[in-house]
Amino acid sequence: MSAVTLPEGDWIRGISIRQPWTTAILTGAKTIENRPRPWRPGWVLLHASQQIDRPALRLPLVARTIRGRELVTGAVVGVARITDCHQDPDGSPPCTQWAQADAWHVVLADVQELALPVPVGGQLGPWKPTPDLLKQVFQQLPGFRP
């Protein structure tokens, strides 16, 4: 297995998302993340924050999507690429069944789940991962090419 050659500089951020939403993204069903402010396109580490959105566990859409999956918290669990960020026009139907009105919809693609979660604290808003964290994450994704 060869080491991944990662780009230099500021090319990736972390995004902390409460469970079960993180797991719904990892399944491939939830392709957007709702945010109060826009995010720029590019690669992100998917971080499952310490908190679990307990009421969301009772939503049928969520329950069906995450059935049988472990809800890891406090760890990076995957990577994804933000391809777009938009708001739905007033009065229009939501862009997906996961979209919330009046939120910015961060569109996620190329989602790759890690086999082993990497424990780390996250934070609100985009955060910059350490070189050591990136090394631990991308050791698990030898075929990754940004």
Side-chain angles (χ1 to χ4, degrees), residues 1 4 6-7 9-89 92-146:
M1 203 179 338
V4 175
L6 299 175
D10 192 21
W11 67 279
I12 191 166
R13 289 282 188 239
I15 183 171
S16 295
I17 305 167
R18 291 187 299 168
Q19 289 286 23
W21 308 111
T22 316
T23 296
I25 291 167
L26 292 175
T27 68
K30 185 176 189 281
T31 58
I32 62 114
E33 170 59 12
N34 298 289
R35 290 287 150 153
R37 287 183 286 289
W39 281 55
R40 64 179 171 85
W43 288 97
V44 289
L45 300 180
L46 297 172
H47 177 263
S49 62
Q50 292 286 348
Q51 297 178 342
I52 295 177
D53 182 353
R54 299 247 177 243
L57 295 172
R58 292 188 291 280
L59 298 172
L61 176 62
V62 173
R64 282 191 309 271
T65 303
I66 67 166
R67 177 178 298 150
R69 305 265 319 230
E70 181 182 359
L71 298 180
V72 173
T73 59
V76 171
V77 294
V79 298
R81 187 170 52 91
I82 297 173
T83 59
D84 183 37
C85 187
H86 66 271
Q87 288 184 307
D88 292 333
S92 69
C95 61
T96 76
Q97 59 189 343
W98 300 95
Q100 295 174 352
D102 300 325
W104 284 91
H105 304 151
V106 176
V107 180
L108 301 168
D110 303 320
V111 175
Q112 297 175 59
E113 185 172 5
L114 299 181
L116 300 170
V118 180
V120 66
Q123 63 187 53
L124 294 175
W127 50 272
K128 188 172 180 178
T130 66
D132 184 56
L133 175 58
L134 291 176
K135 180 180 174 186
Q136 290 179 63
V137 167
F138 290 109
Q139 281 178 335
Q140 296 185 53
L141 300 170
F144 179 83
R145 298 294 177 264

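When a residue number appears, it is its place in the shown sequence, counting from 1. Quick caveat, the model's predicted, so the values are computed rather than measured.
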Can you name the ring-ring contact (aromatic ring centres under 6.0 Å, His included) partners of W104, sequence neighbours left out?
none
What distance do T73 atom OG1 and I52 atom CD1 have between them, rounded to the nearest 0.5 Å?
5.5 Å
Quick one: closest heavy-atom pair of A99 and D88, and the distance?
CB-OD2, 4.1 Å
Which one of T83, T96, L108 satisfies the side-chain contact (heavy atoms from CB on, under 4.5 Å) criterion with T31?
T96
With rounding to the nearest 0.5 Å, note down the distance linking SG in C85 to CZ in R37.
11.5 Å
Can you run down the side-chain hydrogen bond (donor to acceptor under 3.5 Å, both in side chains) pairs that involve residues 118-132, sequence neighbours left out, and say none if there aren't any?
S16-W127, D132-Q136
Are any side-chain N or O atoms of N34 and backbone N or O atoms of Q100, one a donor and one an acceptor, separated by less than 3.5 Å?
yes
Any side-chain heavy-atom pair of I32 and V107 under 4.5 Å
yes
Flag side-chain contact, heavy atom, 4.5 Å: W39 against V44:
yes
List the atom pairs, with distances to 0.1 Å, where a side-chain N or O of residues 18-29 and a protein N or O form a donor-acceptor pair under 3.5 Å, not counting sequence neighbours.
{"residue": "Q19", "atom": "OE1", "partner": "T23", "partner atom": "N", "Å": "3.1"}
{"residue": "Q19", "atom": "OE1", "partner": "T23", "partner atom": "OG1", "Å": "2.9"}
{"residue": "Q19", "atom": "NE2", "partner": "T23", "partner atom": "OG1", "Å": "3.1"}
{"residue": "Q19", "atom": "NE2", "partner": "V72", "partner atom": "O", "Å": "2.8"}
{"residue": "W21", "atom": "NE1", "partner": "D53", "partner atom": "OD2", "Å": "3.0"}
{"residue": "T22", "atom": "OG1", "partner": "I17", "partner atom": "O", "Å": "2.7"}
{"residue": "T22", "atom": "OG1", "partner": "R18", "partner atom": "O", "Å": "3.4"}
{"residue": "T27", "atom": "OG1", "partner": "A24", "partner atom": "O", "Å": "2.7"}
{"residue": "T27", "atom": "OG1", "partner": "A29", "partner atom": "N", "Å": "3.2"}

By salt bridge (charged side-chain N to carboxylate O under 4.0 Å, His left out), R64 pairs with (sequence neighbours left out) none
D110: what forms a side chain to side chain donor-acceptor pair (under 3.5 Å) with it, not counting sequence neighbours?
R81
Would you call the rings of H105 and H86 parallel, tilted or perpendicular if under 30° counts as parallel and over 60° as perpendicular?
perpendicular
Is a donor on one side and an acceptor on the other found under 3.5 Å between the side chain of Q140 and the backbone of A115?
yes
Mind listing the closest non-hydrogen atom pair of R13 and P126 along with its distance?
CD-CB, 4.1 Å
Between P146 and W43, the two heavy atoms sitting closest are CA-NE1, 3.7 Å
So CG of L61 and NZ of K30: to nearest 0.5 Å the spacing works out to 10.0 Å
More than 12 non-hydrogen atoms from neighbouring residues, nucleotides or ligands closer than 6.0 Å to CG on D10, yes or no?
yes
Once side chain to side chain donor-acceptor pair (under 3.5 Å) is applied, do any residues pair with W98, and if so which ones, sequence neighbours excluded?
none
Do I15 and L45 touch side chain to side chain, with heavy atoms closer than 4.5 Å?
no
